[in-house]
Each structure stands twice: as structure tokens, then as C-alpha cells.
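Naming convention: chains lettered A, B, ... in sequence-line order (proteins, then strands); numbering from 1 in each chain. The structure presented is a predicted model; accordingly, all values stated were derived computationally and were not measured.
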Protein chains: 2
Amino acid sequence: MSSLAGSPTLTRMARWEPNALERLRAAALELFEERGYDRTTVGDIAARADLTERTFFRYFTDKREVLFSGSEELEKLIVSGVASAPKTMAPLEVVVEALAASSPVFEARRTHVRKRQALIAAHAELRERELIKSTRLTAALLASLRERCVPQATAALLAQTGTTLFHNAFERWIEDSKERDLAHHLQEALIALRLLTAETGTGKRRGKTSSKGGAKLSDRRRRDS
Amino acid sequence: MSSLAGSPTLTRMARWEPNALERLRAAALELFEERGYDRTTVGDIAARADLTERTFFRYFTDKREVLFSGSEELEKLIVSGVASAPKTMAPLEVVVEALAASSPVFEARRTHVRKRQALIAAHAELRERELIKSTRLTAALLASLRERCVPQATAALLAQTGTTLFHNAFERWIEDSKERDLAHHLQEALIALRLLTAETGTGKRRGKTSSKGGAKLSDRRRRDS
DNA sequence: CCTCTGGATGTCAGAGCCTGACATGACTGC
DNA sequence: GCAGTCATGTCAGGCTCTGACATCCAGAGG
């Protein structure tokens with residue numbers, strides 16, 4: 001009941017059915033949808049892909065990983081966006097543009113991404129994995145910013161902020177009934193962030209902030225350009 | 001070889017040795033330091049605490065969790081900081097102050113926190129868990145900001161940004177040879193973030209940002225007070 | 001045509017994580 | 001006393017993941 005995956009026997013059947021990795025991915029997705037994540041064993045997935053549990057673990061380090069193995073490509077895309085940005089562009093905007101470059105990818109798989117995200121949202125293990133993936137993205141961003149000679153401390157904060165913006169935008173994208181693209185939501189997130197971090201000036205500044213001179217600069221008014 | 005944990009037999013010995021949870025925590029810490037995380041089985045930990053593996057899992061959902069069970073208290077501390085801040089304070093500063101309130105806790109356990117952090121850094125599973133804990137913090141921050149009537153979108157971004165600042169400051173704190181406290185590093189992170197998000201003004205603004213009017217506000221110059 | 005080699009897969013055994021079901025034993029309240 | 005309760009123990013078992021070794025087929029070289 002599962003030998004109909006490749007060509008029957010003719011055409012010089014390859015040593016093994018090809019695309020084992022893809023078959024495993026597909027099988028996993030199907031089964032997770034059919035029975036849910038934790039009522040699906042790795043053995044089940046492998047069986048549907050006409051493979052063995054052991055083979056599954058040769059392709060994926062984890063049961064979870066089968067859902068996340070595509071994230072490296074996304075990472076590369078974004079990093080290359082940073083690398084190819086004009087030197088004159090302000091760092092934060094470089095990052096936002098680079099993130100926005102991934103927008104078409106998401107647009108192309110809208111429903112698939114949403115199904116996957118629903119799965120992730122429902123399982124703590126998967127959320128954990130997703131989080132560490134986005135940490136990897138942060139690290140990659142950091143590295144590519146360092147290549148542009150952004151100083152370490154700045155780059156670190158910037159990379160983190162970039163990831164924050166990305167997630168924020170992604171969440172809005174997922175829920176957006178108007179189906180505006182990810183790039184749009186990224187811009188909105190950036191605008192919102194700028195509003196937030198702008199010093200207010202209205203509220204009275206309370207003094208307690210100054211734990212050991214940390215507030216030296218906290219009363220600066222904006223004219224830093 | 002392990003019955004010297006509590007009072008020998010006298011003093012109306014309690015039904016069981018008390019503080020099972022604490023004993024498990026301590027045993028785990030010791031063993032992780034002695035043999036490393038993955039050469040320590042849950043059975044080992046339980047045995048050193050004079051308990052059973054099964055009992056371990058009644059206290060902790062996970063093997064990992066034994067290292068993270070304190071994080072809820074931290075969360076409460078920070079959330080209460082947000083709740084008790086004066087109404088007039090700008091939201092971002094509320095968050096930063098609330099985070100800074102945890103500074104003494106870290107100061108009090110400087111070496112312990114560093115050992116633990118070294119463990120976490122060395123094991124992907126633990127990093128994952130740490131990440132999801134900080135997501136919980138973000139969620140808690142979000143909720144407490146909502147209580148202050150900060151609008152949802154703003155609060156979400158703000159909570160994320162707050163967590164970013166916290167992590168950034170924490171990293172600097174861990175590595176700080178001058179041993180300045182966490183509050184100090186938080187202030188520095190905030191200053192750095194403000195510099196980053198301030199629009200540069202010098203660089204030429206490229207036009208492509210405007211995917212569907214998203215850049216409406218992007219040329220505002222600072223005078224929002 | 002044969003053999004050798006290598007890579008992808010299978011088989012097997014086992015450790016470790018985690019859970020459900022049920023048993024025990026001591027303290028508590030009546 | 002006697003029942004109830006609560007922390008713990010005992011047992012069985014499933015699932016995840018790994019190491020060691022076997023197999024099987026294709027292509028290279030003789």
C-alpha cells in the first residue's frame with residue numbers, strides 16, 4: 001500500500017527510490033495533519049515514506065527537525081540581502097530590507113506556512129525548536145553585519161532587533177485578513193518601533209533610573225544626526 | 001551513602017525528608033557539574049536526592065526543567081514592577097525599570113548564574129528551553145502592559161523589545177569584567193537601541209521602502225514631544 | 001565479466017526519557 | 001482506632017535516539 005511512490009520497476013529503477021528526504025518531509029506533514037504531532041511516531045513517518053526509522057534519523061537529527069529543515073535556505077536568503085546592500089544605507093534599514101527580501105517566499109506558500117505554524121503553535125517542543133532557529137537567524141544577521149564593519153555591540157543589538165521585527169511582522173502577516181505581504185508588515189513594525197523608542201519628553205523624568213551613572217545620557221534630546 | 005541528608009532519625013523525623021524539590025535541584029546541579037549534562041541520567045539525579053526517577057518527574061516535567069524552575073519567580077518580580085510603575089511613565093521606560101528591578105537577584109548569585117549559563121550555552125536542548133522561558137517573560141510583559149491599557153500592537157512590540165534589551169544586557173553582564181550590575185547594562189542597552197532606531201538623516205533615503213504606503217511616516221524628523 | 005569500493009539503506013540491541021496504573025506507608029482529622 | 005490523603009515507590013511499557021554491523025546496488029577499474 002505504499003509502493004506506488006516511484007516508478008514501479010521499469011525504467012532502470014534507481015538503486016533506491018530517490019528523494020528520501022523529500023518523501024520523509026511530505027510523509028511527516030501528512031501524518032501530523034492526519035493524527036497530530038504526538039500521535040505520530042517516527043516509525044510511522046518512515047513507514048509512509050517506505051523507509052526505516054533509522055533512516056529518518058540519518059536525515060534529521062530529531063523528530064522535530066523534519067518540520068524545520070528548510071530554515072537554512074531562508075537564512076541564506078536574508079544574509080545575502082544584508083551582504084548586497086549599498087554601503088551607505090543605515091544599518092537598521094539594511095536589516096529590514098534584507099528581511100523583506102524573504103517576503104515572496106512566504107507569499108508563495110501562504111497556506112502551507114499557516115498550517116505548519118498552527119502545528120508549531122500547538123506544541124511546546126516545536127515552539128522551542130522554532131525559537132532556536134530564529135536565534136540562528138539572529139546569529140547569522142550578526143555575522144553579516146560584522147562583515148559590514150558594524151561594531152560588535154551595535155550589531156548584536158541590531159541583529160536582535162531585526163529578529164524581533166521579523167517575528168512581529170510575521171505574526172501580523174499570519175493573522176492579516178487583508179493578505180498584505182510580509183514586507184508591508186515589516187515596514188509597519190519598524191515604524192511602530194521608532195515611535196516607541198522615541199523619547200517622549202512629555203512625562204516627567206523620574207530620577208531613579210540613574211543606578212550608577214547609567215542615566216547619564218538618558219535625558220539627551222534628539223539631535224544625533 | 002546518602003542518608004545523611006536530613007536529621008538522622010531523632011526529632012520526630014518527618015514523614016519523608018523535606019524539600020524534595022530543592023534536593024533534586026541541588027543534586028542535578030552537582031551532577032551536571034561533575035559529569036556534564038548528558039552523562040547524567042534522571043535516575044542519577046533522583047538517586048543522589050534519595051528519591052526515585054518517577055518522583056523526579058512529578059516535580060519537573062522534563063530533565064531540562066530542573067535547571068529552569070526558578071524562572072517563574074523572576075517573571076513575577078518583573079511583572080509586578082510593571083504593575084507598580086507610575087501611570088505617567090513612558091511605556092518603554094516602565095519596562096526597562098521593571099527589568100532592572102531584577103538586578104539584585106542576579107547580583108546575589110553571580111557565580112551560580114554564570115555556572116548555570118555555561119551549562120546552558122553548551123547544550124542546545126537547554127538553550128531551547130531558555131528561549132522558551134524568555135518567550136514566557138515576553139508574554140507576561142505583554143499581559144502586564146495590556147493591563148496598563150497599552151494598545152495590543154504596541155504592547156507586543158514593546159514586550160519583545162524589552163526582552164531583547166534584557167538579553168542584551170544579560171549577555172554584557174555575564175561578560176563584564178568590571179562587574180557592573182544588570183541595571184547598568186540595561187540602561188546602556190536602551191541608549192544603544194535609541195541610537196540605532198533614530199533615523200540617520202545623513203544617508204540618502206532610498207525609495208524602495210514604500211511597499212504599499214508603509215513608509216508614510218518614515219521621514220518624520222524628531223520633534224514628537 | 002568480475003571484483004572492489006562506496007554510499008544509502010536495513011537490522012538489531014540497548015540506553016535513556018517519560019507516562020500511566022497501582023501499591024505503600026505515614027500523618028491528619030474525626 | 002479508622003478512613004482519607006498525600007508524597008513517594010514500584011512496575012510495565014512506549015517512544016526517541018544511537019552505535020555497530022550487515023546488505024545491496026551502482027559505478028570504476030581491471
Side-chain angles (χ1 to χ4, degrees), chain A residues 2-3 5-25 27-28 31-32 34-69 123-126 128-129 132, chain B residues 2-3 5-25 27-28 31-32 34-69 123-126 128-129 132:
Chain A
S2 48
S3 55
S7 47
T9 39
L10 44 103
T11 334
R12 247 313 135 253
M13 163 174 125
R15 191 156 33 174
W16 297 283
E17 296 299 325
N19 305 325
L21 189 141
E22 273 310 327
R23 270 153 49 212
L24 286 168
R25 256 193 247 197
L31 287 167
F32 292 164
E34 288 175 25
R35 329 181 183 167
Y37 178 78
D38 28 46
R39 264 170 306 184
T40 304
T41 76
V42 173
D44 295 339
I45 300 171
R48 179 163 304 198
D50 276 318
L51 291 167
T52 315
E53 187 182 299
R54 191 67 186 85
T55 298
F56 178 97
F57 285 112
R58 289 197 180 100
Y59 282 94
F60 306 101
T61 60
D62 250 9
K63 179 179 174 187
R64 304 164 211 170
E65 197 63 15
V66 72
L67 275 172
F68 292 92
S69 51
H123 296 276
E125 324 171 47
L126 297 176
E128 286 188 336
R129 182 55 47 90
I132 212 163
Chain B
S2 50
S3 55
S7 49
T9 39
L10 44 104
T11 333
R12 233 341 113 255
M13 165 175 124
R15 190 157 35 174
W16 298 281
E17 296 299 323
N19 305 325
L21 188 142
E22 273 309 327
R23 271 153 49 213
L24 286 168
R25 256 194 250 202
L31 286 167
F32 292 164
E34 288 175 23
R35 327 182 184 168
Y37 178 79
D38 27 45
R39 267 169 306 184
T40 304
T41 76
V42 173
D44 295 338
I45 299 170
R48 178 162 306 196
D50 278 317
L51 291 167
T52 316
E53 187 181 301
R54 191 67 187 84
T55 299
F56 178 96
F57 286 112
R58 289 197 180 100
Y59 282 95
F60 306 101
T61 59
D62 250 9
K63 179 181 174 187
R64 304 163 210 169
E65 196 64 12
V66 72
L67 275 172
F68 293 91
S69 50
H123 296 275
E125 322 171 50
L126 297 176
E128 286 187 337
R129 182 55 48 87
I132 213 163

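- dC17(C) atom P lies 15 Å from atom CD of Glu65(B), rounded to whole Å.
- For Phe56(B) and dG16(C), the CZ to P distance is 15 Å, given to the nearest whole Å.
- The base of dC18(C) sits with one of its N or O atoms less than 3.5 Å from a complementary donor or acceptor on the side chain of Glu53(B).
- Nucleic acid contact class of Thr55(B) (heavy atoms, under 4.0 Å, all strands): sugar-phosphate only.
- Checked for salt-bridge contact, Arg129(A) and Glu125(B) miss the test: no charged N lies under 4.0 Å from a carboxylate O.
- No cation-pi contact links Lys63(B) to Phe57(B), judged by a cut-off of 6.0 Å to the six-membered ring centre and 45° from its axis.
- Spacing between atom CZ of Arg39(B) and atom C1' of dT18(D) amounts to 16 Å, rounded to whole angstrom units.
- When distances are taken from the side chain of Arg54(B) to each of dT18(D), dC15(D), dT19(C), the shortest belongs to dT19(C).
- Note on Arg48(A) versus Glu34(A): salt bridge recorded, some NZ/NE/NH1/NH2 to OD/OE distance being below 4.0 Å.
- Residue Glu125(A) contributes atom CD, which lies 9 Å from atom P of dC17(D) at whole-angstrom precision.
- A straight line from CG of Asp38(B) to P of dC17(D) spans 14 Å, rounded to a whole angstrom.
- Per the geometry, CZ belonging to Arg58(A) stands 10 Å off P belonging to dA8(C), to the nearest Å.
- Contact annotation for Phe60(B): no contact, since no heavy-atom pair falls under 4.0 Å across all strands.
- Looking at heavy-atom distances under 4.0 Å, Tyr59(A) makes contact with sugar-phosphate atoms alone, never a base.
- Note: CG (Leu51(B)) to C1' (dA7(D)) measures 10 Å, nearest angstrom.
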### Working for side-chain contact (heavy atoms from CB on, under 4.5 Å), residues Val66(B) and Phe32(B)
CA-CA 11 Å; Val66(B) 72; Phe32(B) 292 164; 4.0 Å; yes
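- Between Thr52(A) and Gly43(B), it is Thr52(A) whose nearest contact on DNA chain C lies nearer the 5' terminus.
- Between His123(B) atom NE2 and dC17(D) atom C1' there is a gap of 17 Å when expressed in whole angstrom units.
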